[in-house]
Trainee: 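Here it is, the structure, as structure tokens.
Please read these numbers as outputs of a predicted model, since none were measured by experiment.
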Amino acid sequence: MSEQTVSTAAVQADPLKQSATGVRPISWKYPITYAVLAALAVLFALTIPAGARTHFRLSSGGDFFEIPLVELPSRPAGWILAVILVALAGLAIWQASRRVQTRLWLPLLFGVLFVLAFLVWAGADRGAVIPLVTMLTGALALSVPLIFGAMCGLVGERSGVINIAIEAQLLAGAFLAAVAASVFTSAYMGLVFAPIAGALVGALLVFFSVKYQVNQIIVGVVLNVLIIGLTGFLFSTALTQNPELWNARQQLPRLPIPGLSQIPVIGPVLFNQTILVYLMYLIVGLLNFFLFRSRWGLRTRAVGEHPKAADTVGIKVNRMRVYNVILGGAIAGLGGAFFTIGQGLAFGKEMSAGAGFIALAAMILGRWHPIGALLAALLFGFSTSLGNTLATIGTPVPSEALLMLPYLITILAVAGFVGRVRPPAANGTPYVK
């Protein structure tokens with residue numbers, strides 16, 4: 001045995017030497033997860049009845065051309081997908097054993113194929129068609145408030161302020177959007193007032209946490225309780241007693257983009273939306289650009305990572321935090337408008353239903369990055385849409401179990417299953433000059 005082999009074996013056997021020499025320890029968390037899911041896909045294939053077929057609809061009435069109904073033989077399709085998933089799981093195990101970093105394409109491809117294998121099994125011989133376009137459209141719609149909420153939390157926490165009050169900002173935005181749209185009989189007026197409500201909640205958050213240095217988590221929890229109680233009280237009094245004036249339904253119209261909205265599959269999903277969804281595209285793109293490629297973004301990240309160093313170069317740390325948290329509140333208020341004028345619904349008690357906390361988990365899962373938070377929020381929205389769709393067509397899986405998926409993912413995200421995530425270093429720490 002050569003000296004190099006002996007040295008390598010000694011390093012691998014001693015964790016202290018591993019850290020000293022820079023050898024990355026093996027993490028089996030994700031390879032084991034892939035293996036379990038691949039085994040589950042094999043189980044799906046084994047339980048598909050012989051001769052069963054699964055039907056998918058990929059087009060809608062306004063497309064440039066109609067895609068015929070896709071009919072797959074369920075058992076062969078299930079086995080093909082299961083074999084590919086087993087191969088990908090084996091690749092992940094091999095990469096982990098060799099300490100090779102897994103590229104982003106592997107989890108994305110694995111996730112898409114696993115969902116497809118599940119749909120093939122769930123729709124096998126059920127006498128129903130799985131509407132993929134409708135499912136994807138619903139996933140985007142359910143993700144809209146989560147994306148706005150995640151962007152709100154991201155702007156605040158990149159500045160060093162923990163925002164637990166996203167739920168309150170979403171609910172306040174939904175409330176004021178419904179009231180303004182009803183009073184002015186215009187959904188667009190609701191879109192104007194919604195960010196004002198979220199910004200006001202953000203102003204309360206920074207007033208106590210920055211000016212008086214109250215614990216930011218406690219302030220956020222108190223604001224959630226306050227806004228839930230206040231909107232519930234106003235709903236039970238003014239809105240319920242005179243709903244024609246204060247709580248009439250108003251809905252933002254869809255604005256299909258000519259040409260793009262008629263592209264099969266992606267057109268109806270992405271380009272036949274309301275102005276609120278288009279604003280979401282714009283805000284995510286602008287945040288991703290300005291956060292990493294502008295003076296504002298550099299200063300925001302500086303006050304979140306090292307406020308003392310930022311102060312020494314002339315950056316007003318607390319002023320920057322105040323402005324950013326209020327800006328984030330306005331973004332969350334827009335997300336809250338989706339619950340009312342975005343869907344054409346009247347305001348109801350606690351209608352945000354915990355979306356603010358899921359948005360917070362999406363921000364953590366996305367590692368405080370706009371694109372990562374966007375993808376995490378889309379994952380939560382898709383899991384909810386998947387549960388709704390399969391509950392409609394009827395599957396062997398109880399609908400309650402499917403509707404638990406986004407909350408289960410939320411628990412796994414905040415419990416650290418996604419791996420070690422590092423928030424901004426000064427996050428939650430008041431700055432005193």
Trainee: Before you tell me yes or no, could you show the steps for Asn427 and Glu157 under side chain to side chain donor-acceptor pair (under 3.5 Å), namely the whole-Å CA-CA distance, both residues' side-chain angles and the distance that decides it to 0.1 Å?
Mentor: CA-CA 6 Å; Asn427 198 20; Glu157 298 207 6; 2.9 Å; yes
Trainee: Evaluate the ring planes of Phe110 and Phe114, with Trp represented by its six-membered ring, and classify them as parallel (under 30°), tilted (30 to 60°) or perpendicular (over 60°).
Mentor: parallel
Trainee: If I take atom CG from residue Leu104 and atom CG from residue Leu109, how far apart are they, to the nearest 0.5 angstrom?
Mentor: 11.0 Å
Trainee: With a 4.5 Å limit on heavy-atom distance, are the side chains of Phe235 and Pro243 in contact?
Mentor: no
Trainee: Taking atom CD of Gln169 and atom CG of Leu334, what is their separation to the nearest 0.5 Å?
Mentor: 11.5 Å
Trainee: Are any non-hydrogen side-chain atoms of Leu146 and Met151 less than 4.5 angstrom apart?
Mentor: no
Trainee: May I have all residue pairs that pass side-chain hydrogen bond (donor to acceptor under 3.5 Å, both in side chains) and include part of residues 324-334, sequence neighbours excluded?
Mentor: Ser159-Asn324, Trp296-Asn324, Thr300-Asn324
Trainee: Determine the interplanar angle of the Phe175 and Phe347 rings, folded into 0 to 90°, and report it as parallel if under 30°, tilted if 30 to 60°, perpendicular if over 60°.
Mentor: perpendicular
Trainee: If you measure from CG on Leu205 to CD1 on Ile166, what distance do you get to the nearest 0.5 Å?
Mentor: 10.0 Å
Trainee: For the residue pair Asn215 and Val219, establish whether any side-chain heavy-atom pair is separated by less than 4.5 Å.
Mentor: no
Trainee: Any Lys/Arg nitrogen of Arg422 or Glu305 sitting under 4.0 Å from an Asp/Glu carboxylate oxygen of the other?
Mentor: yes
Trainee: Flag the pair Phe44 / Phe118 as yes when their ring centroid distance falls below 6.0 Å, and as no otherwise.
Mentor: yes
Trainee: Are any non-hydrogen side-chain atoms of Ser143 and Phe380 less than 4.5 angstrom apart?
Mentor: no
Trainee: Under 3.5 Å, which donor-acceptor pairs do the side chains of residues 189-204 form with other protein atoms, sequence neighbours left out?
Mentor:
none

Trainee: Tell me which pairs pass side-chain hydrogen bond (donor to acceptor under 3.5 Å, both in side chains) where either residue lies in residues 225-246, with sequence neighbours left out.
Mentor: Ser236-Lys349
Trainee: Using the side-chain contact (heavy atoms from CB on, under 4.5 Å) rule, take Leu119 and Leu386 through it: C-alpha gap first, then chi angles, then the decisive distance, then the call.
Mentor: CA-CA 9 Å; Leu119 290 175; Leu386 175 66; 3.6 Å; yes
Trainee: Going by the side-chain hydrogen bond (donor to acceptor under 3.5 Å, both in side chains) test, which pairs reach into residues 74-85, not counting sequence neighbours?
Mentor: Thr54-Ser74
Trainee: If you look only at pairs with a residue in residues 173-200, which of them pass as a side-chain hydrogen bond (donor to acceptor under 3.5 Å, both in side chains), with sequence neighbours excluded?
Mentor: none
Trainee: Is there a side-chain contact between Leu116 and Val112, using heavy atoms and a 4.5 Å cut-off?
Mentor: no
Trainee: Do Leu170 and Phe338 make a side-chain contact, defined as non-hydrogen atoms from C-beta onward lying under 4.5 Å apart?
Mentor: no
Trainee: Report all side-chain donor-acceptor pairs from residues 269-276 shorter than 3.5 Å, counting only partners two or more places apart or in another chain.
Mentor:
from   : atom 1 : to     : atom 2 : distance (Å)
Gln273 : NE2    : Val269 : O      : 2.6
Thr274 : OG1    : Leu276 : N      : 3.4

Trainee: Do Thr384 and Asn388 have side chains that approach each other closer than 4.5 Å (heavy atoms only, starting at C-beta)?
Mentor: yes
